[in-house]
Amino acid sequence: MTTSTLGTPRTLGSTGPSTAAIGLGLMGMSDLYGPADDAESVATIQAALDAGVTLLDTGDFYGMGHNETLLRDAIRGRRRESAQISVKFGVLRDARGGWNGVDTRPVAIKNFLAYTLRRLGTDYVDIYRPARLDPSVPVEETVGALAELVQQGLIRHIGLSEVGADTLRRANAVHPVSDLQIEYSLLSRGIEQDILPVARELGIGITAYGVLSRGLVSGHWPAAGTGNRRDFRAHLPRFSGENLQRNLELVERLREIADRKGATVAQLAIAWVLSRGEDIVPLVGARRRERLSESLGAVGLLLSAEDLAAIEAAVPADAAAGTRYDAGQMAMLDSERR
């Protein structure tokens, strides 16, 4: 891969693939953010690939398989190697969309992957990762099962999601981990204390999701919220009541800096994540082509030391009001255990 309008490629850790500097997260095209248009979603994925984006992140539980079939439609007729497909697995759901825990037993992993390969219309997945830890299954057992799938050629790399530093060490001792997918943004900087240093020590890359805090620091979020109860953000502490107002005040501070740079708030926030290290690949969750174009414009936004200092002053590391998930979901995050 050569340098393009998306900048110099980045490598996911010491063992992972080379990828464009920005990846595309597909979750919102199928689930959790309210209604989406399938035709526009497919067009957005294809526009991303045409622009040089290579890493496409999905989950088998996003829309209970819908997201994977959407991705299949988007890449049909293209060289399989043009897309690096990252799939999360393990989350159990029911026919009404409810949540029923996590299963990462080896026999379940083989089952999940078989269905994923069929839905995607491919014979391998580039990066395969459990979405959350299964409390009943040691991470060594999960990674051991994934290592067998690597040997069989069914997956190329092993990833993890939302795990802490100790778990990273235990997992990587079984088989090299290419990257850790975890929330990282101006409003979510918890990984900087322990997780990021250990990932760098072990040669594990970071795919950062939520770089716009699920739209909160996009510069487009309405002060009154969406009012759509099908949008799970309506139930998150950062999007509720006084917390929302306080967080949007931070966004307005960012807007002043962005305006001086001739950029949008979203571009400034993504550029900040890009500036945190060459081992970090931000995932943008654009669902429409115009939002994708805006997000990709962040690659060309160069932040000086003075710019970075201004951003840090506007949004200090502990400035966010409210946790990133509700209490129940926070309790499921190995990355949040201290």
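None of these values were measured; they are calculated from a predicted model.
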Quiz prompt | Residue pair Thr122, Arg80: steps toward the side chain to side chain donor-acceptor pair (under 3.5 Å) verdict | solution = CA-CA 8 Å; Thr122 185; Arg80 172 62 181 86; 2.8 Å; yes

Quiz prompt | Residues Ser41, Arg287; criterion side chain to side chain donor-acceptor pair (under 3.5 Å); working and verdict | solution = CA-CA 6 Å; Ser41 295; Arg287 299 194 292 170; over 6 Å; no

Exercise. Would you check, one step at a time, whether the test side chain to side chain donor-acceptor pair (under 3.5 Å) holds for Tyr209 with Glu162?
Key: CA-CA 10 Å; Tyr209 77 88; Glu162 287 289 356; 2.5 Å; yes

Exercise. Dump the intermediate steps for side chain to side chain donor-acceptor pair (under 3.5 Å) on His66 and Asp38, then the final yes or no.
Key: CA-CA 10 Å; His66 174 267; Asp38 283 0; 3.3 Å; yes

Exercise. Under the side-chain contact (heavy atoms from CB on, under 4.5 Å) rule, what do Asp123 and Leu117 come out as? Steps first, then yes or no, please.
Key: CA-CA 6 Å; Asp123 57 3; Leu117 294 175; 5.8 Å; no

Exercise. Using the side-chain contact (heavy atoms from CB on, under 4.5 Å) rule, take Ile45 and Met29 through it: C-alpha gap first, then chi angles, then the decisive distance, then the call.
Key: CA-CA 10 Å; Ile45 296 169; Met29 296 177 179; 3.8 Å; yes

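With hydrophobic clusters built from ILVMFWY side chains whose heavy atoms lie under 4.5 angstrom apart, Val91 does not share a cluster with Met64. Both Leu283 and Leu301 are members of a single hydrophobic cluster when ILVMFWY side chains are connected at heavy-atom separations under 4.5 Å. Hydrophobic clustering of Ile, Leu, Val, Met, Phe, Trp and Tyr side chains at less than 4.5 Å, counting indirect connections, keeps Met332 apart from Trp99. No path of Ile, Leu, Val, Met, Phe, Trp and Tyr side chains, each step under 4.5 Å between heavy atoms, connects Leu55 with Tyr124, placing them in separate hydrophobic clusters. Note on Phe112: it does not cluster hydrophobically with Val137, by side-chain heavy-atom contacts below 4.5 Å among ILVMFWY residues.
Listed by chain and residue number, Tyr128 satisfy the ring-ring contact (aromatic ring centres under 6.0 Å, His included) test with Phe89 (two or more places apart in sequence, or in another chain). Residues passing the side-chain contact (heavy atoms from CB on, under 4.5 Å) test with Ala208 are Tyr184, Ile206, Val211, Val273, Ile280, sequence neighbours excluded.
The backbone N or O of Gly205 lies less than 3.5 Å from no partner atom in the side chain of Asp179, so there is not a single donor-acceptor pair. The main-chain N or O of Val163 is never found under 3.5 Å from a side-chain atom of Thr167 such that the two would form a donor-acceptor pair. Remark: side-chain polar atoms of Gln84 are paired, donor with acceptor, to backbone N or O of Ser18 under 3.5 angstrom. A donor-acceptor pair is defined here as one N or O able to donate and one able to accept, closer than 3.5 Å; such a pair exists between the side chain of Asp334 and the backbone of Gly164. A donor-acceptor pair under 3.5 Å is formed between the side chain of Arg337 and the backbone N or O of Ala331. With hydrogens and angles disregarded, a donor-acceptor distance shorter than 3.5 Å links the side chain of Asp31 to the backbone of Gly63. The main-chain N or O of Gly219 is found under 3.5 Å from a side-chain atom of Arg255 such that the two form a donor-acceptor pair. The backbone N or O of Leu303 lies less than 3.5 Å from no partner atom in the side chain of Lys261, so there is not a single donor-acceptor pair. Asn243 places no side-chain N or O within donor-acceptor distance of the main-chain N or O of Phe239, the cut-off being under 3.5 Å.
Under the 4.5 Å side-chain criterion, counting only non-hydrogen atoms from C-beta, Leu149 is in contact with Leu113. Counting only heavy atoms from C-beta outward, the side chains of Thr207 and Asp57 never approach each other to under 4.5 Å. In this structure, Tyr115 and Asn111 have side chains that are in contact, with non-hydrogen atoms separated by less than 4.5 Å. Using a 4.5 Å cut-off on side-chain heavy atoms (C-beta onward), Glu183 and Arg214 make contact. For the pair Lys88 and Asp60, the minimum side-chain heavy-atom distance is 4.5 Å or more. Between Leu187 and Arg238, the closest side-chain pair of non-hydrogen atoms falls below 4.5 Å.
Sparse packing is recorded around CZ of Arg118, with 12 or fewer heavy atoms of other residues, nucleotides or ligands lying under 6.0 Å away. In Glu290, the CD atom is crowded: over 12 heavy atoms of neighbouring residues, nucleotides or ligands sit closer than 6.0 Å. Heavy atoms from other residues, nucleotides or ligands lying under 6.0 Å from CG of Asp166 number 12 at most.
Across all their heavy atoms, Ala266 and Glu294 have their closest contact at CB-OE2, 3.6 Å.
Salt-bridge annotation for Glu278 and Arg10: present, with a side-chain N of the basic residue lying under 4.0 Å from a carboxylate O of the acidic one.
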